[in-house]
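To keep things clear, I will list the structure first and then write my remarks on it.
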2 protein chains.
Amino acid sequence: MERTIRSCDVPEATIQRLPLYLEKLKLLQGIGVEDVSSRQLAESLDIKASQLRHDFHYFGGFSRPGRPYRVAILVDALEQIIGVDTPVPTVIVGAGHLGQALANYPGLELQGFPIRGIFDANPKLQGLEIRGQAIRDLDELETVCRKEGVKIGVITVPATSAQDVANRLVAAGVTGLMNFAPTELKVPAHVSVRHERLSVGFMALSFKVKCGQSARAKTEIVTDKD
Amino acid sequence: MERTIRSCDVPEATIQRLPLYLEKLKLLQGIGVEDVSSRQLAESLDIKASQLRHDFHYFGGFSRPGRPYRVAILVDALEQIIGVDTPVPTVIVGAGHLGQALANYPGLELQGFPIRGIFDANPKLQGLEIRGQAIRDLDELETVCRKEGVKIGVITVPATSAQDVANRLVAAGVTGLMNFAPTELKVPAHVSVRHERLSVGFMALSFKVKCGQSARAKTEIVTDKD
DNA sequence: AGTAATCTGTTCAAAATATCACAGATTAAA
DNA sequence: TTTAATCTGTGATATTTTGAACAGATTACT
């Protein structure tokens, strides 16, 4: 046991679920729930309890046999593991409709990703304020990133300029890119990219609709003999 | 072989990739490329060629041994498989920042998802035009869905009203839900839901940034001896 | 105290997924 | 024609991911 917290070499599938756990746990914490069992938490997320415990097991155990999890402990641990225990400075590059919508979304800051700058090359947009923050000229990108120690850059520019923006962000020390442009990005090995493809989601949904059935029948009998 | 096109019972992982193939192929088609080998296409998407062929194999083969794929044939076939060979009528419920951004995004219509209605309960928003379409009162939801034969509903309302909207959409005959609200939805078995969680993407990215390395080293030597 | 119920950590098996390997087809060039 | 180089379709294999099972711990209750 001994709580190694060697966060890395955790399976990709588990990484994808950690945020779901944290999101749900913060919700529970918000309504005053103090304890939660693996079964309760898993069921509310539509996954198996054994899988949840398996995921947590990579980090050395958050409770001990016989006792349910304490919500507060889990929230703290997960925030630390995910890396949002301290705010992660973020910038948005591209203040079109999507960029503005993201900048307006209060959830980002609440989840630990404060927006430290919004940039656009279009002079007509510059100066427009979004949630108390003016849209800046793209020239200021490097300065702001360096000064604020920006970790994550959100790319909401057209596909044609996405790679260029990515290069500039990386050069300015940003190590995480959230790419909404419909194009692949080449980045150095130490940089992580996450490609958020809207149309992909719609098409995957369309496929399932066309097939007439949701992949997993929801009407399963809950006989979790765990 | 015989091109069964029993689109269903295709692995989930493959379904997630079909849109990527189609997107890239349409891009190639747009710049005049007529032929493409599994290796070329796979490399541009950062996956293995054998995996791509395996994916295509579920649908019975789009070429024959010795000949590369024809882009036009692939595009047509994938569009049919995914279900976007004919437009998929779509509505957006919730005309906040995100809903408006989605309505403004031209890619949706281009990819086969024409917006047939935008709805919001807030009277102040009603009447505002987005890309030639007025935001409607939520009361009209069922009427429009029925009249237009809407297949997909995009939910961009607050979490508290998401389930209610989902129920109404389902009752009006919508069988695919794209849920942007941070809450689970209960739906009948014949309805497919896709949960698009923005904060989840950010947190997964944060985890990798914190781990200092992108999960997969990009500097691998391409020795695809395939 | 004793019993039943609940719970986690952990191991092991099953299922899903990704990768390898190659036969046979096709083309291009010698 | 023959050889070499590509290429897909496909089956076998390795890896990842999920799910089931259970030992030992803890609590609640009789």
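What you see is a predicted model; the values in this text were computed from it and never measured. For the numbers below, each heavy atom of this structure counts, side chains included, while hydrogens, waters and symmetry mates do not. Naming: A, B, ... by sequence-line order, numbering from 1 per chain.
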Write down the protein N/O and nucleotide N/O pairs, taken from nucleotides 15-18 of chain D, whose separation is under 3.5 Å; answer none if there are no such pairs.
from   : atom 1 : to    : atom 2 : distance (Å)
D/dT18 : OP1    : A/R17 : NH1    : 3.1
D/dT18 : OP2    : A/R17 : NH1    : 3.0
D/dT18 : OP2    : A/R17 : NH2    : 2.8
D/dT18 : OP2    : A/Q51 : NE2    : 3.2
D/dT18 : O5'    : A/Q51 : NE2    : 2.8

Gap between atoms [atom1] and [atom2], on [X] and [N] respectively (whole Å):
X: B/E43; N: D/dT6; atom1: CD; atom2: P; result: 13 Å
X: B/F62; N: D/dT10; atom1: CZ; atom2: P; result: 12 Å
X: B/I73; N: D/dT8; atom1: CD1; atom2: P; result: 13 Å
X: B/R39; N: D/dG9; atom1: CZ; atom2: C1'; result: 16 Å
X: A/F56; N: C/dT8; atom1: CZ; atom2: P; result: 10 Å
X: B/D35; N: D/dC7; atom1: CG; atom2: C1'; result: 12 Å
X: B/L52; N: D/dT10; atom1: CG; atom2: P; result: 15 Å
X: B/L41; N: D/dG9; atom1: CG; atom2: P; result: 13 Å

Is the shortest side-chain N/O distance from [X] to OP1 or OP2 of [N] below 4.0 Å?
X: A/R53; N: C/dC7; result: no
X: A/H57; N: C/dG9; result: no
X: B/S50; N: C/dT19; result: no

Return the orientation label for the B/H54 and B/H57 ring planes: parallel under 30°, perpendicular over 60°, tilted otherwise.
->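 Judged by the thresholds at 30° and 60°, the geometry between B/H54 and B/H57 is perpendicular.
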
Output every pair passing side-chain hydrogen bond (donor to acceptor under 3.5 Å, both in side chains) with a member in residues 150-166 of chain A, not counting sequence neighbours, ordered by first then second residue.
-> A/Q163-A/N167

Give the intermediate values and the outcome of side-chain contact (heavy atoms from CB on, under 4.5 Å) for residues B/V209 and A/V88.
-> CA-CA 10 Å; B/V209 167; A/V88 180; over 6 Å; no

Roughly how bent is the helix from C/dA1-D/dT30 to C/dA30-D/dT1 end to end, in steps of 10 degrees, with each end axis from five pairs?
->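 Terminal axis comparison yields 0°.
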
Does anything in residues 17-48 of chain A pair up under ring-ring contact (aromatic ring centres under 6.0 Å, His included), and if so which pairs, sequence neighbours excluded?
->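 Checked against ring-ring contact (aromatic ring centres under 6.0 Å, His included) - neighbours excluded - the pairs reaching residues 17-48 of chain A are A/Y21-A/F56.
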
Minimum heavy-atom separation for B/L74 to B/L41, with atom names?
->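 Closest approach of B/L74 to B/L41: CD1-CD2, 4.5 Å.
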
Identify the heavy atoms of B/V36 and B/P68 that sit nearest to each other, and give their distance.
-> O-CB, 3.7 Å

In the 5'-to-3' direction, what one-character label does each nucleotide of nucleotides 24-30 of chain D receive under the scheme B = base within less than 4.0 Å of a protein heavy atom, S = sugar-phosphate only, - = no such atom?
-> BBSS---

Could you tell me whether A/E34 atom CD has more than 12 heavy atoms of other residues or ligands within 6.0 Å of it?
->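 Count not over threshold, so no.
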
Could you walk me through whether B/E79 and A/K210 pass salt bridge (Lys or Arg N to Asp or Glu O under 4.0 Å), step by step?
-> CA-CA 12 Å; B/E79 280 185 342; A/K210 186 172 149 297; over 6 Å; no

Would you say B/S38's side chain and B/A49's backbone share a donor-acceptor pair under 3.5 angstrom?
->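 Pair absent, no side-chain N/O of B/S38 close to backbone of B/A49.
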
So, the side chain of A/Q51 versus the backbone of A/K48: is there a donor-acceptor pair under 3.5 Å, distance only?
-> no

Flag the pair A/E184 and A/K186 as a salt bridge only when some basic side-chain nitrogen lies within less than 4.0 angstrom of an acidic carboxylate oxygen.
-> no

B/Y69 near the nucleic acid: base, sugar-phosphate alone, or nothing, with a heavy-atom cut-off under 4.0 Å?
-> sugar-phosphate

Which atom pairs, one a donor and one an acceptor, fall under 3.5 Å between side chains of residues 101-110 of chain A and the rest of the protein, sequence neighbours left out?
from   : atom 1 : to     : atom 2 : distance (Å)
A/N104 : ND2    : A/Q100 : O      : 3.1
A/N104 : ND2    : B/H97  : ND1    : 3.3

